[in-house]
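Treat the numbers as computed from the prediction; the structure is a model and nothing was measured. Just follow the structure's listing: the first ligand is 1, and inside any ligand the first atom is 1.
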Amino acid sequence: MKSQTETVANDISGLRFLVVEDHGFQRWALSRLLTELGAKHVVCAADGDTALEIFRESRPPVDIIVSDLDMPGMDGMEFLRHVGEAGAPASVILASGLERSLIASVGAMVTAYGVALLGKIEKPTTAAKLAAIIANHKPLDADWGRARAAPRFSLDEIALGLKRGEFEPYFQPKMELATGRIVGAEALARWRHPERGLVGPECFIQAMEDGGLIDELTFAILNRAAQCCRLWRNAGVDATMSVNLSLRSLADFSIADGMMRIVSTNGLEPRHVIFEVTESATVANLGTELENLTRLRVRGFGLAIDDYGTGYSSMQQLSRIAFTELKIDPTFVKHAAEGRANMAMLESCLEMAYKLGIVAVAEGVENLAALELLKSLGCEQAQGHFIARPMEARDFMDWVQLPRTVTPELRDEPGPATAHRANVAPAPFNRVQV
Ligand code: C2E
Ligand code: MG
Ligand code: MG
């Protein structure tokens, strides 16, 4: 049987490493360990400035950076911020003598800077620790590239795209954890740009909100999503559809009427539709927004508080608005297993949903371990790449109608939408203890 070190050696000879470490002996030891593991391209830097220069000029680009955090001059944190700004698809391994909780918070920080974090190792660094982390390396996927590339568009270009009907919803399924049933789908806006290809919301939502075009997008997405929802309901699929609603749109008193019209024109009822509102969005006219949100609720629409846990006044907003669903931000889901603070956040989100008697939906479920953890904590629904990535309307129609049998064949890896990933064996439904 091959040792882990041997397996890694086969894979890492083609990877380019950059070791950033101010301490001479540690630098030498790290580069030796990498060479022992089979690396053929290892470059070292003794400080952040030199590392940044190497990183920017490296052709082909660096694949993996192994960086210390505590360095004189430009420290590891500043260096990694610049790496994030450069937008090159390198993964980072943090190697540090700092205590575990501090390394974990730097990990969260670099992720927020858009750097792909491969792993964290506490010193002393050993071949086994390095090998285990490097074994997880994958070339960064298309979504990451899409987010990093983030082309900018003028408001006129966006308006033209809207006029031409180039915006459409992609659908990401929401799964009931206790049964594996698909109970809904979130409509996520995509721009099918004639020259740039498929463009994600990070490239147009903010501009639309600032430039007064967001209502037009909301209605365009709602309209097309409602048509799709009608089709899947006709096919016997009892799944709701969720649409993201910008707080800016809630300044308009006629919004609920407009939405009612679209929903009934498509033969749907308000209870088939959930509007997701992000709690971190700044509230401009609280009274107006509350009136419009409450009106949507009174008409029978579902209301979800999106990205829960990232805002500053969650408690206040929740107590004011009759939400029906709480969507837990992916950060807490992804990192729950790594640190006590994230686990505590995840548990407290679930507890909040339970106390309010509303549905908890975890976002960003990327592997089987996260899914199992959520199930054991009593979370009702989940969404994430492990279940399925967002997909085109017609693919979703096919996907959601595939027969789902209960099978233990779930593979522990994210990937393209496949039917068997949704086939989760029913588990006892434990509610969070409060
Ligand atoms: P959101 O509403 O929280 O949507 C979830 C985001 O997480 C989506 O990103 C989805 O593709 C991504 N995601 C789902 N599962 C996973 C996973 O397992 N791992 C990771 N890393 N990501 C996952 P997307 O489509 O790029 O949308 C980003 C945000 O843009 C949305 O966040 C929402 O706030 C906004 N947005 C999207 N469509 C609309 C829209 O029609 N109107 C408005 N106002 N905002 C929208
Ligand atoms: Mg959402
Ligand atoms: Mg969200």
Side-chain angles (χ1 to χ4, degrees), residues 111-112 114 116-117 140-150 158 162 167-175 184-191 198-210 212-226 240-250 255 259 273-281 302-311 323 325-335 349 360-371 374 381-392 396 413-417 421:
T111 308
L117 187 64
L140 293 164
D141 69 15
D143 277 0
W144 195 86
R146 168 169 74 76
R148 302 302 308 155
I158 296 175
L162 271 169
F167 289 84
E168 66 183 63
Y170 262 46
F171 291 96
Q172 187 176 37
K174 282 162 69 188
M175 193 181 76
E186 177 175 3
L188 294 157
R190 299 287 184 267
W191 182 2
L198 199 65
V199 176
E202 70 282 355
C203 303
F204 53 80
I205 296 287
Q206 190 64 53
M208 284 176 156
E209 288 191 344
D210 297 344
L213 291 175
I214 195 72
D215 288 359
E216 220 175 306
L217 177 80
T218 308
F219 282 113
I221 297 296
L222 178 66
N223 200 17
R224 293 187 63 171
T240 57
M241 76 167 189
S242 300
V243 170
N244 289 283
L245 181 59
S246 164
L247 267 185
R248 299 265 170 119
S249 300
L250 290 167
I255 192 136
M259 281 157 171
V273 182
I274 300 166
F275 290 108
E276 298 191 1
V277 188
T278 306
E279 67 149 358
S280 53
L303 283 184
I305 188 154
D306 207 350
D307 303 336
Y308 181 76
T310 55
F323 281 98
E325 187 177 293
L326 186 152
K327 297 194 83 172
I328 303 166
D329 193 70
T331 331
F332 308 121
V333 178
K334 272 194 225 164
H335 303 293
C349 293
V361 184
E363 292 192 90
V365 176
E366 292 189 345
N367 52 47
L368 182 60
L371 191 127
L374 289 161
Q381 296 179 16
Q383 194 180 323
H385 292 171
F386 183 65
I387 298 159
R389 286 173 186 267
M391 51 193 134
E392 251 182 88
F396 178 74
E413 61 183 45
R421 288 203 171 83

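Considering backbone and side-chain atoms together, E366 places an N or O closer than 3.5 Å to an N or O of ligand 1.
Among the backbone and side-chain atoms of E276, an N, O or S atom lies under 2.8 Å from the Mg ion (ligand 2). Taking 2.8 Å as the criterion, N244 counts as a coordinating residue of the Mg ion (ligand 2), since one of its N, O or S atoms falls below it.
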Any chance you could lay out the side chain to side chain contact (heavy atoms under 4.5 Å, CB included) test for F204 and L213, step after step, and finish with the verdict? CA-CA 10 Å; F204 53 80; L213 291 175; over 6 Å; no
Evaluation steps, side chain to side chain contact (heavy atoms under 4.5 Å, CB included), between E392 and F171: CA-CA 6 Å; E392 251 182 88; F171 291 96; over 6 Å; no
Would V365 and M175 count as a side chain to side chain contact (heavy atoms under 4.5 Å, CB included) if you check the C-alpha gap in whole Å, the side-chain angles of each, and the deciding distance to 0.1 Å? CA-CA 11 Å; V365 176; M175 193 181 76; over 6 Å; no
Audit row: F323, I274, side chain to side chain contact (heavy atoms under 4.5 Å, CB included) steps and yes/no: CA-CA 10 Å; F323 281 98; I274 300 166; over 6 Å; no
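If you look at D307 and ask which of its N, O or S atoms sits nearest the Mg ion (ligand 3), the answer is OD1. For E363, the N/O/S atom at the shortest distance from the Mg ion (ligand 3) is named OE2.
Residue-ligand proximity: M208 is placed with every non-hydrogen atom at 4.0 Å or more from ligand 1. For P390, the heavy-atom gap to ligand 1 drops under 4.0 angstrom. Residue Q172 places a heavy atom under 4.0 Å from ligand 1. Assignment of G364 to the shell around ligand 1 is supported, since a heavy atom sits closer than 4.0 Å. Contact analysis leaves E209 out of contact with ligand 1, as no non-hydrogen atom separation drops below 4.0 angstrom.
Remark: ligand 1 atoms within the under-4.0 Å shell around heavy atoms of V365 are 18 (O). Short contacts between ligand 1 and P201, defined as distances under 4.0 Å to a heavy atom of the residue, involve ligand atoms 24 (P), 25 (O), 26 (O), 27 (O), 28 (C), 30 (O), 37 (C). Atoms of ligand 1 found under 4.0 Å from any heavy atom of K334 (numbered from 1 in listed order, with element): 21 (N). The contact set between ligand 1 and S246, taken as ligand atoms under 4.0 Å from a residue heavy atom, comprises 44 (N). Residue G384 approaches ligand 1 through these ligand atoms, each under 4.0 Å from one of its heavy atoms: 15 (N), 18 (O). Taking every non-hydrogen atom of E363 and a distance limit under 4.0 Å, the qualifying atoms of ligand 1 come out as 3 (O), 4 (O), 5 (C).
Under 4.0 Å from ligand 1, heavy atoms of A189 appear from its side chain as well as its backbone. Contacts with ligand 1 closer than 4.0 Å are made by side-chain heavy atoms of D306 only, the backbone lying farther away. Looking at N244 against ligand 1, both its backbone and its side chain come within 4.0 Å, counting heavy atoms. Contact annotation: for R389 versus ligand 1, there are no heavy atoms closer than 4.0 Å.
With the Mg ion (ligand 2) as vertex, D306 OD2 and E186 OE2 subtend 180°, rounded to 10°.
In this structure, E325 CD and I305 CD1 are separated by 11.0 Å, a value rounded to the nearest 0.5 Å. Taken from OG1 in T331 to CD in E363, the straight-line distance is 9.5 Å, to the nearest 0.5 Å.
Proximity of P201 to R190: side-chain heavy atoms (C-beta onward) are separated by under 4.5 Å at one or more points. You'll find the side chain of F167 reaches within 4.5 Å of the side chain of I158, heavy atoms only. Within the 4.5 Å cutoff, the side chain of F219 has heavy atoms near those of the I255 side chain. You'll find the side chain of L217 reaches within 4.5 Å of the side chain of I205, heavy atoms only.
The minimum heavy-atom distance between T278 and L247, with the atom names listed, is O-CD1, 4.3 Å.
R248 contributes a side-chain N or O that, together with a main-chain N or O of E209, makes up a donor-acceptor pair within less than 3.5 Å.
Of the candidates E186, Q383, R389, Q172 forms a side chain to side chain donor-acceptor pair (under 3.5 Å) with just one, namely Q383.
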